[in-house]
Amino acid sequence: MHWSHLSKEQWEILFYSSLNNDYLSKTAKLVGISIVSAFYNRHKLMYVLNELINKKQLSKKIALDETYLTYQTKAL
């Protein structure tokens, strides 16, 4: 990442920890940074992922099949 003090390995750990929905304290401990740094770097990561998703354009032909996906949310 541009202007980052984290190494590539630290970004990979942060990425996988974020995808696993780990708490910030666990992510910070795994990466070796403070909780505040983990918070800001997680938001950097989510911003970049959001930008990549929004730039993806579909082709004019779209095929659908009968696959059904389940969507679950955590109860509050």
Side-chain angles (χ1 to χ4, degrees):
M1 304 262 328
H2 190 63
W3 295 101
S4 175
H5 295 281
L6 299 180
S7 67
K8 180 182 174 184
E9 291 79 19
Q10 287 175 308
W11 274 111
E12 287 178 6
I13 295 168
L14 181 88
F15 179 76
Y16 288 114
S17 180
S18 297
L19 288 180
N20 287 332
N21 291 323
D22 292 340
Y23 292 112
L24 279 174
S25 57
K26 182 177 180 181
T27 300
K29 189 174 182 179
L30 290 171
V31 178
I33 56 177
S34 70
I35 294 174
V36 174
S37 294
F39 174 80
Y40 285 115
N41 285 312
R42 183 177 281 181
H43 280 278
K44 284 182 188 180
L45 177 65
M46 295 303 160
Y47 175 79
V48 170
L49 291 174
N50 187 41
E51 289 293 313
L52 290 173
I53 290 170
N54 288 335
K55 287 184 181 181
K56 187 175 182 179
Q57 296 179 358
L58 299 175
S59 64
K60 293 182 180 182
K61 294 181 181 179
I62 300 174
L64 298 174
D65 61 11
E66 63 278 353
T67 302
Y68 296 100
L69 301 175
T70 59
Y71 178 75
Q72 297 177 351
T73 59
K74 292 182 180 178
L76 297 177

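Positions are given from 1 along the sequence.
Summarising the geometry of Arg42 relative to Ser18, their closest heavy-atom pair is NE-OG, 3.1 Å, with the distance given to 0.1 Å. Taking all atoms of both residues into account, the shortest heavy-atom contact from Gln10 to His5 is OE1-O, 4.2 Å.
Phe39 is linked by a ring-ring contact (aromatic ring centres under 6.0 Å, His included) to His43, counting only residues two or more places apart in sequence or in another chain. Every residue two or more places apart in sequence or in another chain that forms a side chain to side chain donor-acceptor pair (under 3.5 Å) with Asn50 is listed here: Asn54. In this structure Ser37 satisfies the side chain to side chain donor-acceptor pair (under 3.5 Å) test together with Ser34, sequence neighbours excluded. Scanning for side-chain contact (heavy atoms from CB on, under 4.5 Å) contacts around Leu49 gives Phe15, Leu45, Met46, with sequence neighbours left out. Here Lys26 pairs with Asp22, Leu30 under the side-chain contact (heavy atoms from CB on, under 4.5 Å) rule; sequence neighbours left out.
Both Ile13 and Leu6 sit in one connected hydrophobic cluster of ILVMFWY residues. Membership requires side-chain heavy atoms under 4.5 Å apart, directly or through other members. Transitive grouping of hydrophobic side chains (ILVMFWY, heavy atoms separated by less than 4.5 Å) brings Ile33 and Leu19 into a common cluster. Under the 4.5 Å side-chain heavy-atom criterion for Ile, Leu, Val, Met, Phe, Trp and Tyr, Val31 and Ile35 are members of distinct hydrophobic clusters.
Within the hydrophobic cluster formed by Ile, Leu, Val, Met, Phe, Trp and Tyr side chains joined at under 4.5 Å, directly or through other members, Tyr23 stands alone, with no partner residue.
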